[in-house]
Asker: 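Structure in structure tokens, see below.
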Amino acid sequence: MTSWSSWRLDHLTWGWILWILFFVVWETYTLWKHPGQELTAHLRPLFQTQDLAYFLAVGLYLWLGWHFLVDGLWINNS
């Protein structure tokens, strides 16, 4: 992965950017025109009633936090 750059805008990076923009626009439209139908309103009852789903969601959150935030502290700058 030495040739990969996180700041190079290749087709995969543009795909992620477009997906994130679509999600933000869709959630904004939903909150504006259809309150109560946004993603969090659909997921909240699942996490509140199913202990396994809540456990998996917390684990995913911690895993993403570790891999996206903490891992950057150990980059070798030599």
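We count residues from 1, following the sequence as given. Every value quoted in this text rests on a predicted model; they were computed, and no experiment measured them.
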Asker: Ignoring hydrogens and geometry, is there a side-chain-to-backbone donor-acceptor pair from E38 to G36 under 3.5 Å?
Answerer: yes

Asker: Are L56 and L39 connected into the same hydrophobic cluster when the rule is that any two of I, L, V, M, F, W, Y join if their side-chain heavy atoms are below 4.5 Å apart?
Answerer: no

Asker: Only counting residues at least two apart or in another chain, list the ones meeting side chain to side chain donor-acceptor pair (under 3.5 Å) with Y29.
Answerer: H34

Asker: Check for me, please, whether F47 and Y61 land in the same ILVMFWY cluster - side-chain distances under 4.5 Å, paths through other members count.
Answerer: yes

Asker: Could you give the distance from CD1 (I17) to CG (L21), rounded to the nearest 0.5 Å?
Answerer: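 Between atom CD1 of I17 and atom CG of L21 there are 7.5 Å.
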
Asker: Among V24, T30, T28, find the residue that satisfies the side-chain contact (heavy atoms from CB on, under 4.5 Å) test when tested with W26.
Answerer: T30

Asker: Quick one: OG1 on T40 to CG on L31, what's the gap to the nearest 0.5 Å?
Answerer: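 Spacing of OG1 (T40) from CG (L31) equals 7.0 Å.
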
Asker: Taking all heavy atoms of A41 and all of R44, pick out the closest pair and write down the distance.
Answerer: CA-NH1, 3.9 Å

Asker: How many angstroms lie between atom CD of Q48 and atom OH of Y54, to the nearest 0.5 angstrom?
Answerer: 10.0 Å

